[in-house]
Each structure stands twice: as C-alpha cells, then as structure tokens.
2 protein chains.
Amino acid sequence: MSTINLKRLAEELNLSASTVSRALRGSHEISQETKDRVKALAEKLGFQPNPHASSLRQSKSNTIAVVLPEIENNFFSQVMNGVEDVAQKKGYHVLIYLTHEAFAREKDILQVLRNGRVDGIMISVSNTTTSEEHLQEVNRSGLPLVFFDRIVESIDVPRVSTDDTDAAFKGTEHLVEKGCKRIALLSMSGLLSISSRRRNGYLNALKKYGMETDGLQVECGTDDETNRRLITALLQGPNPPDGIFAAVEKLAINTYEVCRQLGVKIPSQLKIISFSNLSVTALFDPPLTTIVQPAYEIGKEAAAVLFKIIQKKTLVPGEKKSVFPSHIVERASTGG
Amino acid sequence: MSTINLKRLAEELNLSASTVSRALRGSHEISQETKDRVKALAEKLGFQPNPHASSLRQSKSNTIAVVLPEIENNFFSQVMNGVEDVAQKKGYHVLIYLTHEAFAREKDILQVLRNGRVDGIMISVSNTTTSEEHLQEVNRSGLPLVFFDRIVESIDVPRVSTDDTDAAFKGTEHLVEKGCKRIALLSMSGLLSISSRRRNGYLNALKKYGMETDGLQVECGTDDETNRRLITALLQGPNPPDGIFAAVEKLAINTYEVCRQLGVKIPSQLKIISFSNLSVTALFDPPLTTIVQPAYEIGKEAAAVLFKIIQKKTLVPGEKKSVFPSHIVERASTGG
DNA sequence: TTTATTCACGCAAACGATTACGAAATTTCT
DNA sequence: AGAAATTTCGTAATCGTTTGCGTGAATAAA
C-alpha cells in the first residue's frame with residue numbers, strides 16, 4: 001500500500017534501518033537527539049511498523065483469540081466487552097471465533113490457532129464438546145490458554161467462572177423461601193461441568209429442604225420448539241411443579257412462552273428464577289427474577305490472567321482459579 | 001513453539017523448501033506423487049505455514065476488522081454473527097474493535113489498522129464522530145472499506161443498511177393507523193445520517209397526515225437517567241403525546257421504565273413502537289411492537305461485499321449500496 | 001599520554017514463507 | 001536422431017523488522 005517502511009525512513013534520515021528501529025523502540029543505545037529526529041519524521045509520515053514482519057521476527061503477534069459458543073447472548077457480549085477493554089489497554093488485538101455450539105467447529109478453530117497467529121486463547125467450550133484432546137494439544141503446545149465460564153475441569157489451565165453451584169443453590173433456596181413445594185430444573189443437555197454444577201446446586205437445595213426431585217428434572221436442547229413441548233408436558237403432567245429453576249436464560253424464555261400459551265399465571269401458579277444477564281428481564285410480564293453473572297468482570301479477569309501468562313508472570317494462587325460471585329436480582333416472577 | 005516449518009519438512013522429505021511450499025499450495029509444477037508425499041507428511045506432523053511469514057511475503061493477512069460502537073446490543077451481535085459466518089467460509093479471521101461510541105477511539109483504531117494488519121475493514125461509525133478525515137484516509141490508502149448500518153453518506157465506499165426512512169415512515173404510520181393523534185419522536189443526538197433518516201421518515205409520515213410535531217421531538221443521549229427525565233417531562237407536559245416512535249431500542253426501554261413509574265398505561269394511554277432487534281420484547285409488559293432490522297443478513301452482505309472488493313472483483317451496482325428492508329412486528333404496545 | 005570504557009551507530013543475519021528464474025531430465029515433435 | 005517443448009524441481013532473492021556483533025569516536029580512568 002503506502003509502502004513507507006523502515007528502510008525508506010532510514011534513507012530520508014541518513015541513518016541505517018537498525019538505528020531507526022532502535023530509536024523508535026526507545027533503545028538506550030541511541031542518542032536522544034537521533035531519537036527525536038527519527039520519531040519526528042516517523043510521526044510526520046505516519047509510519048507504522050509492518051505487523052507481520054514484526055511478528056515474524058519476534059514470534060509474537062500481539063493478538064489473542066476469544067473462542068465462544070455464540071455472541072448473540074448478553075453474557076458473552078459482556079464478556080467480550082471486558083476482554084476488549086483490557087486488550088485495548090495492553091495494545092493487543094482480539095480475534096473472535098464462534099463455535100455455534102459445534103464440537104467440530106471448535107476443533108477446527110483450535111487447530112488453526114496453533115500456528116503463531118495468536119499469543120493466547122480464551123475459550124468457553126461448546127456444549128457438544130465430547131473430547132478434550134483438542135484442548136490438551138493446545139495446552140501441550142505451550143500456547144497460553146484460559147477457560148472462562150464453561151470450564152473443562154480436567155485440564156490444568158487457569159479458569160475464570162462464577163460460583164455456579166452456590167448460585168444455583170441460592171436460587172433454588174429462593175424459590176423454597178417463596179413457598180414453592182415442587183421445584184423443577186430446566187437444564188441444557190450435554191457434558192458441560194457448568195451444567196452439572198448448577199444441577200448440583202439445585203439438588204443440594206432440594207435435599208436440604210427434603211424436597212422431591214422425581215420427574216422434575218428436564219433436559220432441554222437448542223431447539224425452541226422441542227423445549228416448549230417438554231415444558232408443556234411438565235406443566236400439564238399429573239403432578240406439575242410450582243417453581244422452576246432455569247439453568248439458562250433461553251429456557252426461562254421458553255417457559256414464559258409456554259405459560260402464556262397455557263394461561264399459567266406467574267408467579268401465583270408458577271414461580272420462575274433463571275440464570276440470565278439480560279437487563280430487560282425487568283420489563284417482562286411479570287419481571288423475571290434472575291441470577292446475574294458478573295460477565296464483564298469475568299471477561300476482564302480472564303483477559304488479565306491470559307496476559308499474565310503471556311508475559312510469563314507467575315500467577316498468584318487465586319488467579320489460577322478465580323471465582324466471581326453471581327447475585328440474585330429479585331423480581332415479580334418469584335414474588336409472593 | 002513447535003517450530004515445525006517448511007525447511008524441516010523439506011529435510012525430512014529430501015526436498016527443497018520451495019518444492020514443499022508449492023506442493024502444499026497445489027502448484028501444477030509439482031508431480032502428483034511428490035504432492036501426495038508432501039501432503040501426507042504435512043498432515044501427519046500437523047504442519048501449518050507460519051501466518052506472519054506468509055502474510056509478510058504475500059502482503060495479505062487473511063484477516064478483516066469489524067469496528068462497531070458496542071457489542072452488548074442484539075443488532076450488532078447479529079451482524080457479527082453474519083460476518084463471522086461468511087468469514088469462516090472464506091477462511092478469513094475476524095478482528096473485533098469496539099469504539100464505545102467514542103470518536104477518539106474510533107480514530108485510533110482506524111489509524112492502527114492502516115498498516116497491513118487487515119485486508120479490509122467493516123465499520124458502523126460512532127455517534128460522536130464529527131469528522132470524516134480518518135475514514136477518508138483509510139479509503140485513500142486503498143484499504144477496502146465497507147459501511148454498515150451507520151453510514152457516512154459523503155464517503156464513496158460500499159454501504160449496507162436498512163431502509164431507515166421508509167421503515168420509520170411505516171412505523172409512524174402504524175401509530176397513526178392505531179389512532180394516535182400526537183406522536184413523539186425519541187432519537188439519539190448526534191450527526192449520524194441514520195438518525196436524520198429515521199427522523200425524516202417520522203416527519204414525512206406526520207406531514208402526510210397533517211399532524212403536529214411541535215415539542216414532540218426529543219433528543220436523548222447515552223445516559224439513562226437523563227433520558228428518563230426527558231421522557232418524564234414529555235409525558236407530564238401540558239400537551240403529552242399519545243404515541244411514541246423510538247428511533248433506538250434503548251429509548252423504548254427508558255420509556256417503559258418511565259411509564260411504569262408514572263403509571264401510564266400502554267397502549268391505552270400511550271402507544272409505543274421502536275426499532276429493536278431484541279426478540280424477547282415479545283415478553284415485555286405489554287409486548288413491544290418493533291421494527292426489526294435484518295441484522296444477520298446485513299452482516300453477511302457487508303462481509304460478502306468486502307470480500308469482493310478484497311478480491312478485486314467488480315461490484316454490480318446493487319452491491320455498492322445495498323438496502324435490506326426492515327419489517328414491523330406488531331405487538332400489544334400499539335394494540336387497539 | 002596511554003589505555004579502558006562508554007556511546008552511538010552500521011552490518012548483516014536472522015524470522016519462515018513465497019516465487020522469479022534457471023537447469024536437469026524427460027517427453028514430444030520433425 | 002536431433003531439436004524443441006515440457007515436466008519437475010532447486011537456488012536464491014525477497015517481504016520488513018529486529019538484534020547480535022563489531023567498530024570508530026568520544027570520554028573516563030590510569
């Protein structure tokens with residue numbers, strides 16, 4: 001394009017390319033006078049070092065990758081927001097990759113990233129991921145890796161998440177406190193540890209209060225139509241729940257849709273709480289009680305930890321596994 | 001890292017690096033037998049060409065940049081989704097940059113991108129952008145550029161957007177048909193052409209029906225608190241509107257909040273329609289009538305056009321300025 | 001004044017891939 | 001069979017930066 005490079009700059013200044021390079025990078029081997037002269041002209045001509053040459057020489061890309069299941073989801077958007085913020089402060093660039101919850105796609109992406117294009121990877125794994133080999137290989141290759149939200153427990157890399165078990169416990173307990181006697185769990189199918197953690201929180205709470213779980217655990221999937229059928233069956237069954245704990249936002253929305261169709265009154269007939277980072281749930285009919293994850297902070301922390309690894313700084317123990325508390329925003333869907 | 005490179009591969013095969021390179025790229029100058037041998041070993045060793053060396057040599061990064069005001073917004077997430085889809089099919093990588101509606105940040109980003117890091121840029125400009133110089137410079141440098149949604153009319157690059165004027169006209173007309181006599185416009189301040197297009201659509205409709213606009217146009221900003229005050233003043237004024245046309249989703253939400261606080265009944269006392277790509281507006285109380293933009297398609301088209309320019313294919317006239325129609329999803333907030 | 005140091009800079013070799021050019025070896029054409 | 005063309009591959013230059021090493025000059029130490 002503009003083809004203004006080091007050599008050209010050097011010629012204009014009657015200097016060698018190496019001197020110009022050092023001057024621009026603030027080397028102490030160059031006199032202040034020369035530095036000023038170089039920087040002045042570089043500024044004037046709008047010179048920027050070719051990033052590919054730079055990266056090739058230094059084997060450092062100044063770029064990180066964020067791999068996530070979807071972006072059309074407030075939680076992940078907020079994470080991206082946090083990531084972008086710290087990346088930009090560090091002068092880093094951010095590549096984004098979407099898996100659309102497809103294992104094959106996730107494998108392809110990680111495969112392609114193992115070639116120096118990025119200095120590190122942040123990933124929230126897809127819910128169809130059935131093997132860890134692709135992640136282990138990245139880890140073994142020495143490429144810095146950080147998990148966020150959707151963690152693979154068995155792989156020893158730093159992870160940033162929320163206290164899912166505890167939050168799910170409290171969410172379920174909230175329903176109990178509001179008088180629910182039969183509380184159902186709506187969760188996504190799959191092997192994600194995050195799912196089982198939330199399920200455990202739910203089960204722990206029901207056990208604590210000696211409540212039944214039979215026929216109250218519903219595994220849903222990605223298809224809205226199917227989910228609505230499952231929920232309809234649940235609500236029209238012989239012994240319907242009076243409370244629903246939705247492990248993910250999508251399922252709470254499906255529940256609202258079904259309730260509207262069936263004429264089930266929320267919260268009088270059925271109370272609902274759900275993990276969700278959607279602020280407009282406050283405008284729902286009725287307003288939805290949510291468990292909100294600190295998504296922005298999770299993104300920031302995950303990025304910060306990644307940069308620490310990239311810069312080979314040693315992590316303090318808390319950074320190897322940082323957990324951010326979620327909090328309940330109580331609204332009318334669980335009102336008395 | 002793994003440091004498996006062309007030279008190493010070549011040594012293993014008793015070939016020269018150039019032959020290996022050509023074989024992998026499917027050159028006709030290499031015998032089929034050699035190609036097979038090379039590809040087999042490359043596959044086995046998981047060889048991938050160093051992207052920086054490749055980019056440096058070819059001055060081609062296989063990367064595009066998407067610059068947008070925010071990601072925590074369904075419209076932009078859906079656009080990203082579309083972009084990522086076509087990029088991945090083309091084997092391209094996607095860098096994401098957020099301006100947070102800050103002009104200075106936008107300038108910095110575009111400045112940094114003018115150095116070969118990307119082969120092309122897609123941008124939706126910030127609403128605080130007051131000058132075009134930074135965009136003109138990108139354009140002059142020959143770096144492929146495409147606008148989407150928020151367009152700068154005076155710069156001659158391909159643009160992908162929706163029929164804002166027409167959609168706003170129809171949205172306003174929808175309110176008229178529902179019986180509104182005094183329709184207010186809530187819009188974001190700034191110089192964006194998209195704002196004036198939507199305003200024009202609103203004004204055209206009111207003119208067509210001979211309706212008044214005095215004191216009914218409210219310019220809002222980014223701060224929710226301020227917006228709510230402005231809307232409160234509007235609704236409590238001497239001559240309040242019975243219909244509201246919100247140019248952006250955020251302002252419809254602010255309006256709902258105010259109405260809830262003031263006890264204003266929607267739609268009986270006040271009808272509302274808004275541009276929005278949030279599907280859960282169907283669950284609002286009452287469900288919000290929206291003007292939905294085909295965000296995913298806009299993202300796909302913008303990316304497709306960008307790739308055409310990058311590959312120096314000539315654009316058909318329609319591609320220089322493609323307009324996707326928005327459509328109204330009628331719900332209870334404008335119900336009779 | 002002579003000898004060490006330090007300063008300020010240039011030379012040239014990397015980094016890893018691509019590609020113009022050339023040169024054997026083989027095939028095809030007269 | 002000899003010339004021409006084709007096939008198949010290697011040599012080396014190149015992309016633009018960074019950096020180890022060397023060198024002359026200026027400065028400090030002896």
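When reading the values below, keep in mind they use all heavy atoms of this one structure, side chains included, and skip hydrogens, waters and symmetry mates. Below, chain A is the first sequence line, B the second, and so on; all start at residue 1.
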### Task
Would you mind telling me which of C:dG10, C:dA17, C:dC9 lies closest to the side-chain atoms of B:Ala53?
C:dA17
### Query
Choosing from C:dA17, C:dG10, D:dC15, which nucleotide comes nearest the side chain of B:Leu56?
D:dC15
### Query
According to a strict under-4.0 Å criterion, is A:Ser31 in side-chain N/O contact with OP1 or OP2 of C:dC9?
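Result: yes.
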### Query
According to a strict under-4.0 Å criterion, is A:Ser54 in side-chain N/O contact with OP1 or OP2 of D:dG16?
no
Starting from [atom2] on [N], measure out to [atom1] on [X] and report it in whole angstrom.
| X | N | atom1 | atom2 | answer |
| --- | --- | --- | --- | --- |
| A:Ile30 | C:dT6 | CD1 | C1' | 14 Å |
| B:Leu9 | C:dA17 | CG | C1' | 12 Å |
| B:Lys35 | D:dT8 | NZ | P | 9 Å |
| B:Asn115 | D:dG16 | CG | C1' | 12 Å |
| B:Arg117 | D:dG16 | CZ | P | 16 Å |
| B:Asn50 | D:dG16 | CG | C1' | 14 Å |

Under 4.0 Å between a side-chain nitrogen and a carboxylate oxygen: does that hold for [X] and [Y]?
| X | Y | value |
| --- | --- | --- |
| B:Arg105 | A:Glu84 | yes |
| B:Glu133 | B:Arg140 | yes |
| A:Asp156 | A:Lys320 | yes |

### Summary
Expected string for nucleotides 19-26 of chain C under the B/S/- scheme (protein heavy atoms, under 4.0 Å, primed atoms plus P, OP1, OP2 as sugar-phosphate) is BB------
### Query
Under the side chain to side chain donor-acceptor pair (under 3.5 Å) rule, what pairs show up with a residue in residues 20-31 of chain A, not counting sequence neighbours?
A:Arg25-A:Gln58, A:Ser31-A:Thr34
### Query
When all nucleic acid strands are considered with a 4.0 Å heavy-atom cut-off, which category describes A:Ser55: base, sugar-phosphate, or nothing?
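Result for A:Ser55 = nothing.
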### Query
Using a cut-off of 4.0 Å on non-hydrogen atoms, how would the nucleic acid contact of A:Ser59 be classed: base, sugar-phosphate, or nothing?
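No contact at all - A:Ser59 keeps every heavy atom at 4.0 Å or more from the nucleic acid.
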#### Entry: Sub-4.5 Å side-chain heavy-atom contact between B:Ile123 and B:Leu68
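Of all side-chain heavy-atom pairs linking B:Leu68 with B:Ile123, none is under 4.5 Å.
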### Query
Within 45° of the axis and under 6.0 Å from the centre of the six-membered ring of B:Phe103, does NZ or CZ of B:Lys107 qualify?
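Verdict for B:Phe103: a cation-pi partner in B:Lys107.
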